[in-house]
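Side chains included, hydrogens not; waters and symmetry mates left out as well; all remaining heavy atoms used. Both counts, for ligands and for their atoms, begin at 1 and track the order of listing.
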Amino acid sequence: MIKKCLFPVAGYGTRFLPATKSMPKEMLPIVNKPLVQYGVEEAIAAGMRTCAMVTGRGKRTITDHFDISYELEHQISGSGKEAALASIRDVLEKGVFASVRQREMKGLGHAILTGEPLIGNEPFGVLLSDDLCLNDGPGVLTQMAALYEQFQCSIVAIQEVPKEDTHKYGVIAGEAIAEGVYRVSDMVEKPAPADAPSNLAIIGRYILTPDIFDILRNTEPGANGEIQITDALQTQAEEGRVIAYQFAGRRFDCGSVPGFVEATNFVYDNYYLQK
Ligand code: UTP
């Protein structure tokens, strides 16, 4: 069973400036819940109750969110407003929260390596909360944890994207071994459409085996001068140790303004109004 999930939440969120000048992108709400809470709920539902946050300067409100707010809670105690805290109270009851700071933003691979002391020598989930995944059945990390039980190697979530969008993602090549399941042979970070090995793009959900830390330590900066998790995973893929999985559910790119607006409308129509 996978018990821990890493949340790299140190990025600058420049696409949302000026909103993200002093507020973390991960605290932007989709209707009335911050993005990062959706992610934490998905991880806890998958049994990953230890949430390891890789934060940075200016991100304190994230750690505050996963703690009690004594004055506020005292003030509304016993009133009808208390019900609005039910989801975060549930998360606090079930989850354990730890954090470490990434001092320099050297990329997602570097952020994951920064989280090593919180993870140790065990397989773990990674969830990028700006990819919001919604599904009426089991969440994406739950689906991936089940696959890990079968394959015991790193798993990446993938989705078909339009060919002209491959430069925004890590893209895989692989052999289909079951419906929606691929044994990865190659992966490229942010390829131009002409160089992309497929239109199967990695989105922000991973299960990683802990040998990834040693690989990351020896991974040189790649695309955009950042240490890329895709480059480290390529080393595992060459040994046949990466599975790509086309998950069930819908994913919204909330790191971009159009994706964020789309998610907001979707959650408002399909979840908020249905309550
Ligand atoms: P992004 O590149 O999408 O996030 O990184 P960003 O840099 O915050 O956004 P923009 O492009 O400036 O708008 C993907 C994820 O990896 C984390 C980010 O917080 C985000 O969740 N990340 C990225 C880190 O934690 N550290 C890094 O050095 C880079």
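Distance alone, capped at 3.5 Å, places no donor-acceptor pair between the E160 side chain and the N199 backbone. Side-chain atoms of R205 come within 3.5 Å of backbone N or O of D131 as a donor-acceptor pair. Listed for the R183 side chain is no donor-acceptor partner under 3.5 Å among the backbone atoms of V242. Distance alone, capped at 3.5 Å, is enough to place a donor-acceptor pair between the T166 side chain and the P191 backbone. At distances below 3.5 Å, not a single donor-acceptor pair connects side-chain atoms of K106 with backbone N or O atoms of E226.
Atom numbering of ligand 1 starts at 1 in the shown order; those under 4.0 Å from a heavy atom of V9 are 19 (O), 25 (O). In the vicinity of A111, heavy-atom distances shorter than 4.0 Å reach the ligand 1 atoms 24 (C), 25 (O), 26 (N). Under a 4.0 Å criterion applied to the non-hydrogen atoms of E26, ligand 1 contributes the atoms 19 (O).
By the 30° and 60° cut-offs, the orientation of the rings of F266 relative to F252 is tilted.
The single protein non-hydrogen atom nearest to atom 8 (O) of ligand 1 is G13 N, 2.8 Å, given as residue, atom name and distance. Residue, atom and distance of the protein heavy atom nearest to atom 22 (N) of ligand 1 are G11 N, 3.9 Å. Among protein heavy atoms, atom 7 (O) of ligand 1 sits closest to Y12 N, 4.0 Å. When hydrogens are left out, the protein atom nearest atom 20 (C) of ligand 1 is D130 OD2, 3.7 Å; that is the closest non-hydrogen contact. If you check which protein heavy atom lies closest to atom 12 (O) of ligand 1, you get T14 OG1, 2.6 Å. Counting protein heavy atoms only, atom 14 (C) of ligand 1 is closest to L128 CD1, 4.1 Å. For atom 26 (N) of ligand 1, the closest non-hydrogen atom on the protein side is Q102 OE1, 2.7 Å.
For the residues K168, R15, M53, the heavy atom positioned nearest atom 11 (O) of ligand 1 is part of R15. Closest heavy-atom approach to atom 23 (C) of ligand 1 among the candidates N224, L108, I227: L108. In the candidate list G109, P24, G39, G107, G107 is nearest to atom 27 (C) of ligand 1, counting heavy atoms.
Remark: K190 is not positioned above the aromatic ring of Y169, lacking an NZ or CZ atom under 6.0 angstrom from the ring centre and at most 45 degrees off the axis.
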Before giving the answer on side chain to side chain contact (heavy atoms under 4.5 Å, CB included), spell out for V54 and S99 the whole-Å C-alpha distance, their side-chain angles and the decisive distance to 0.1 Å. CA-CA 6 Å; V54 179; S99 67; over 6 Å; no
Side chain to side chain contact (heavy atoms under 4.5 Å, CB included) between L113 and R217, worked out: CA-CA 7 Å; L113 184 56; R217 250 185 288 282; 3.7 Å; yes
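With a 4.0 Å cut-off on non-hydrogen atoms, K106 touches ligand 1 through its backbone and not its side chain. At a heavy-atom cutoff of 4.0 Å, ligand 1 is contacted by the side chain of K25 but not by its backbone.
Annotation: S129 places no N or O atom under 3.5 Å from an N or O atom of ligand 1; distance criterion only. Geometrically, ligand 1 and A10 share a nitrogen or oxygen pair separated by less than 3.5 Å. Between P8 and ligand 1, at least one pair of N/O atoms sits closer than 3.5 Å.
Residue-ligand proximity: E104 is placed with every non-hydrogen atom at 4.0 Å or more from ligand 1.
If you check the side chains of E175 and Y182, you find no donor sitting under 3.5 Å from an acceptor. Side-chain contact annotation: Q234 with E238, donor-acceptor N/O pair under 3.5 Å present. There is a side-chain donor-acceptor pair under 3.5 Å between T209 and Q236.
Within the 4.0 angstrom cut-off, atom 16 (O) of ligand 1 has one or more protein heavy-atom neighbours.
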